[in-house]
Trainee: 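Starting off with a structure, shown below.
Quantities reported herein were computed from a predicted structural model and do not represent experimental measurements.
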Amino acid sequence: MTIRHQFAMPLCLALAACSGGDENGAAPITKVACATPPDTPVRIAGGTFAMGSDLVDAEESPMRATTVGSFWIDPHEVTNGQFAAFVAATGYVTLAEKPVDAAQFNVPKEQIPPELLEPGSAVFTPPDTPSDRYADWWKYIPGANWKKPYGPGGADAVPAEPVVHMAWDDMVAYAKWKDGRLPTEAEWEYAAKAGQPARKDQPGPGKANTWQGLFPAVNEGSDGFKGIAPVGCFAPNANGLYDMVGNVWEVTADFYRPGHDPAQRDNPKGPSENDAYDPLNPGFASRVMKGGSYLCAPNYCQRYRPEARQGRDAGLGASNVGFRLAYDRAPG
């Protein structure tokens with residue numbers, strides 16, 4: 001059973017409306033020339049690395065030596081163009097494009113706001129004033145999906161941008177079509193770190209698409225973008241992988257639980273579904289997402305790092321969450 005709207009319902013009940021205006025205090029942004037990165041998956045030779053971090057959030061600890069085998073991974077996030085090819089070939093319809101079953105809310109149907117039963121997804125909507133409550137900047141918008149990432153009144157999906165508003169089942173369906181899979185958290189972090197030590201600082205200019213300014217109300221866009229960037233706009237890491245931090249969060253195969261099990265050091269796959277626990281989504285098994293997004297700022301998220309991790313509701317997409325695939329052999 002999908003849990004797509006257990007997040008959306010309390011959010012929309014808490015908010016009568018959210019501001020949809022432009023960010024306050026923003027200066028004109030600088031145009032960035034974006035390369036067209038390759039689509040061919042990159043082979044990552046197996047090895048041992050320091051996984052996790054003891055520098056920032058407790059959920060990332062303990063740091064410990066971890067070994068992973070060789071694998072291949074996409075050089076960039078799955079794009080709207082790539083996902084469109086999948087839909088054209090298969091006729092696939094994502095969860096965000098389907099009506100919602102009222103039974104999922106476990107309350108009488110008449111108590112459910114009608115808009116929550118319409119197809120849709122969660123969209124970042126900047127408030128007029130600074131706030132430290134996430135409910136002030138997320139809104140469930142009927143009609144938001146991968147084709148219309150900002151809702152029916154917003155712009156169409158840009159082919160070169162990462163696809164968003166994906167539920168877990170959507171990602172798995174695409175992965176099967178591509179003969180791939182979602183990477184484990186260990187594989188993803190190993191590929192993202194590319195031999196570099198853990199750090200705390202925000203990536204510098206040209207390194208990643210993150211938030212400059214006072215989140216969530218003032219977005220300066222000094223890195224060239226106030227929202228999602230096309231893939232290839234920022235420098236790749238030493239493995240030739242783009243946007244391993246920033247731009248959009250990337251979902252991995254592992255179930256989420258705060259902290260790492262120090263006993264899992266050889267190709268770890270995270271906790272079992274029964275042992276999964278997400279304090280922000282209790283009662284449901286979340287998946288681990290990695291790397292932060294364009295919404296991560298020094299005053300709020302600070303998850304623009306390979307070690308960063310958070311739980312992701314498997315049944316609800318969002319406008320800042322995407323994915324990339326891993327492969328056990330070189331794609332033919």
Side-chain angles (χ1 to χ4, degrees), residues 23 26-42 44 53 56 72-83 124 149 155 157-164 166 183 187-213 215 218-252 289-310 318-326:
E23 294 85 348
I29 62 175
T30 302
K31 294 290 186 179
V32 173
C34 299
T36 301
D39 293 333
T40 304
V42 175
I44 305 296
S53 173
V56 185
W72 284 257
I73 192 167
D74 286 340
H76 56 76
E77 299 117 334
V78 176
T79 65
N80 289 308
Q82 290 174 316
F83 197 79
F124 174 73
V158 176
E161 289 182 1
V163 68
V164 293
M166 297 284 105
E187 288 173 335
W188 191 99
E189 187 173 325
Y190 177 59
K193 294 188 81 165
Q196 297 300 305
R199 57 177 177 79
K200 297 190 296 183
D201 55 302
Q202 186 176 19
K207 299 292 186 182
N209 182 14
T210 59
W211 184 286
Q212 297 85 46
F215 182 88
V218 180
N219 185 356
E220 297 171 359
S222 57
D223 61 2
F225 298 93
K226 292 183 180 179
I228 294 174
V231 298
C233 296
F234 295 85
N237 70 6
N239 284 327
L241 306 179
Y242 295 80
D243 294 322
M244 291 301 278
V245 295
N247 214 19
V248 296
W249 283 97
E250 297 184 20
V251 177
T252 70
M289 62 181 183
K290 300 283 286 180
S293 77
Y294 74 93
L295 299 179
C296 283
N299 74 300
Y300 169 63
C301 175
Q302 297 183 347
R303 289 185 170 89
Y304 30 61
R305 298 169 289 103
E307 305 80 29
R309 60 197 304 269
Q310 201 167 12
S319 60
N320 70 330
V321 179
F323 69 110
R324 76 178 71 208
L325 299 185

Trainee: Using every non-hydrogen atom in the two residues, find where N320 and Y294 come nearest and quote the distance to one decimal.
Mentor: CB-CE2, 3.9 Å
Trainee: Quick check against the 3.5 Å criterion: does E307 have a side-chain atom that pairs as donor or acceptor with the backbone of S53?
Mentor: no
Trainee: Please round to the nearest 0.5 Å and tell me the distance separating atom CD1 of I228 and atom OG of S319.
Mentor: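 Separation between the atoms: 6.5 Å.
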Trainee: Under 3.5 Å, is there a donor-acceptor pair between the side chain of N219 and the main chain of L295?
Mentor: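 The answer is no, because no donor-acceptor pair under 3.5 Å joins these two groups.
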Trainee: Spell out, as yes or no, whether a donor-acceptor pair under 3.5 Å connects the side chain of K207 to the backbone of A235.
Mentor: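 Looks like no, no N/O pair under 3.5 Å.
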Trainee: How close do V32 and G224 get, heavy atom to heavy atom, and via which atoms?
Mentor: CG2-CA, 3.6 Å
Trainee: Would the distance check show the side chain of Q310 and the main-chain N or O of G292 forming a donor-acceptor pair, the cut-off being under 3.5 Å?
Mentor: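 Not a single qualifying donor-acceptor pair exists.
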Trainee: Over all heavy atoms of both residues, which pair between L241 and R324 is shortest? Give the atoms and the distance, please.
Mentor: CB-NH1, 4.2 Å
Trainee: Does N209 reach the main-chain N or O of G246 with its side chain, forming a donor-acceptor pair under 3.5 Å?
Mentor: no
Trainee: Given 3.5 Å as the limit, does a donor-acceptor pair link the side chain of E220 with the main chain of V218, or not?
Mentor: no
Trainee: Measuring from atom CD of E77 to atom CE of M244, what distance do you get when rounded to the nearest 0.5 angstrom?
Mentor: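 It is 9.0 Å, given to the nearest 0.5 Å.
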Trainee: What's the spacing between Y242 OH and N247 CG if we round to 0.5 Å?
Mentor: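 Reported value, rounded in 0.5 Å steps: 13.5 Å.
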Trainee: Please report the shortest heavy-atom distance between F234 and D223, naming the atom on each side.
Mentor: CZ-O, 3.8 Å
Trainee: How far apart are the closest heavy atoms of C301 and W249, and which atoms are they?
Mentor: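 Smallest interatomic distance, heavy atoms only, reads SG-CZ2, 4.3 Å.
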Trainee: So, for P162 and V231, which heavy atoms are closest and what is the spacing to 0.1 Å?
Mentor: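 Scanning both residues completely, I find the closest heavy atoms to be CG-CG1, 4.1 Å.
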